[in-house]
2 protein chains.
Amino acid sequence: MDAAPPRRARNAAGDILDAAHRVVARDGAGRLTLDAVAREVGMTKGGVLYNFPSKTALLAAMLTRMLERFEVEAAEAAVAAAAAGHSAPTLRGMLEAVEKLDNDHPQLHLAIVAAGAEDPAALAPLRAMAARLQARILDETADGPGAMLACAAADGLIFQRLMDMPPADPALRAAVRARILAIADALEPRA
Amino acid sequence: MDAAPPRRARNAAGDILDAAHRVVARDGAGRLTLDAVAREVGMTKGGVLYNFPSKTALLAAMLTRMLERFEVEAAEAAVAAAAAGHSAPTLRGMLEAVEKLDNDHPQLHLAIVAAGAEDPAALAPLRAMAARLQARILDETADGPGAMLACAAADGLIFQRLMDMPPADPALRAAVRARILAIADALEPRA
DNA sequence: TCCATCAAACTGACCATCCGGTGCAAAAAC
DNA sequence: GTTTTTGCACCGGATGGTCAGTTTGATGGA
């Protein structure tokens, strides 16, 4: 909303969220406990609970932070893609946002499994954003299945990363990304 | 291996695993407790622990059962695809196994998030199988990125299903599946 | 046919631990 | 000195796991 409060030198809330991601990455979503987060960030449980009134709030904050960053990236990339004359700017924006977030904050996606493990209903904001994005993407092209194929492939890359699955060769992974972008560019625009 | 022991009319272990999947599907991986499973299957916690010596063992059994079923399906479909003259039989087998398992036992994939939530290291068998499969798939085609694109898209469909994400229209989902299979068939075989 | 036997399968009570959350006092920051 | 932030002891409940005992059902002998 407003600018970050300059009042506080260190952003405790952000540090706590980072620590939570680290815990999930290392020990799994089921081991994400307030004590573990406090230990990781070098604080006590009281301090954590001061910044986030409950564990549910912490999980929600993890998810919303990820969604916000993703949406910002996706929107910017979509604008750029539209300016560059790409036929499916929203899809391109999403694909590039996936890649950027994956590179800059590889653990951010873990918010999905962390929140989903505690309560599947907590993923509602994620679902809502995905539905919004999907609607816009489908609206921009005449080839719905092609666009959804690109989406599924991008989600698959996220999934593989989440589960430490076999990207094996990073070069291969990059090649797959290039293919996905190529598919996006080859989509025929809405008639 | 040998015939099922006639001693026991009901397969308790299988029932327990089914119940565990139902709990994860309904309440989330974080709510998968021994008591919850016992309640779901109509037993006491002691009974569950009689069949599986620990919760970790139960999670491992969920995962291995899923992997076994998947590998059987994939192997059969691969043989059929090879007989039908498809260029990338292993990839086709995998894609068809994903689809079949998703239709017949939609909750089976939840074993992944259930096991991964408790302990990421428990997913080692999954990673091993994926790596094995990937090696064979890459060995069958000259277009590695294309094959991995199909894999990623298939994983994306699983991911979307796991997270109750927006396949939205089942027809659209089916169309995406058809596209993935088309990509697999269009791959050039290894020179 | 009936009963004694025995092992597998399961129950129910119980334990130790952990976890989320509270209350309050002590610092820190301003 | 006031407000913000953190430390710390503690509680109620849930959870994984143990254990002794009970039920079930097949087997075999008289």
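So that the names make sense, note that chain A is the first sequence line, chain B the second, and so on, each numbered from 1.
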Nearest to the side chain of S54(B), heavy atoms from C-beta on, is which of dG20(C), dG17(D), dT15(D)? dG17(D)
Would one find a side-chain N or O of Y50(A) under 4.0 angstrom from OP1 or OP2 of dT6(D)? no
Rounded to whole angstroms, how far apart are CG on L34(B) and P on dG12(C)? 17 Å
Which part of the nucleic acid, if any, lies within contact of L49(B), taking any heavy atom under 4.0 Å across all strands shown: a base, the sugar-phosphate backbone alone, or nothing? base
Electrostatic pair R26(A)-E40(A), nearest N-O below 4.0 angstrom: yes
Think N51(B) has a side-chain N or O under 4.0 angstrom from the OP1 or OP2 of dA9(C)? no
Rounding to a whole Å, what distance do you find between N11(A):CG and dT6(D):P? 11 Å
Please determine if R161(A) and D155(B) form a salt bridge, counting it only when a charged side-chain N lies under 4.0 Å from a carboxylate O. no
Measure from CG on L59(A) to P on dG21(C) and round the result to the nearest Å. 10 Å
Would you kindly compare P53(A) and R39(A) by the position of their nearest DNA chain C nucleotide and give the one closer to the 5′ end? R39(A)
Between R22(A) and D27(A), does at least one N-O distance fall below 4.0 Å, as a salt bridge requires? no
Could you check whether T44(B) gets within reach of a base, just the sugar-phosphate, or nothing at all, counting any heavy atom under 4.0 Å? base
Within the distance-only criterion (no hydrogens, no angle test), does the side chain of K100(B) pair as donor or acceptor with the backbone N or O of F70(B) below 3.5 angstrom? no
Could you tell me how far apart L58(B) (CG) and dT15(D) (P) are, to the nearest whole angstrom? 15 Å
In this structure, how many angstroms lie between the P atom of dA9(C) and the CD1 atom of I16(B), rounded? 11 Å
If you assign each of G46(A) and R31(A) to its closest nucleotide in DNA chain C, which residue comes earlier from the 5' end? R31(A)
Record whether the side chain of K45(A) comes under 3.5 Å of the base of dG7(D) through a donor-acceptor pair of N or O atoms. no
Whole angstrom is fine here: how far is it from NZ in K55(B) over to C1' in dT17(C)? 14 Å
How many whole angstroms separate atom CG of D35(A) from atom P of dT17(C)? 16 Å
Using modelled atom types only, decide if a donor and an acceptor are shared between the side chain of R190(B) and the backbone of D139(B) within a distance under 3.5 Å. yes
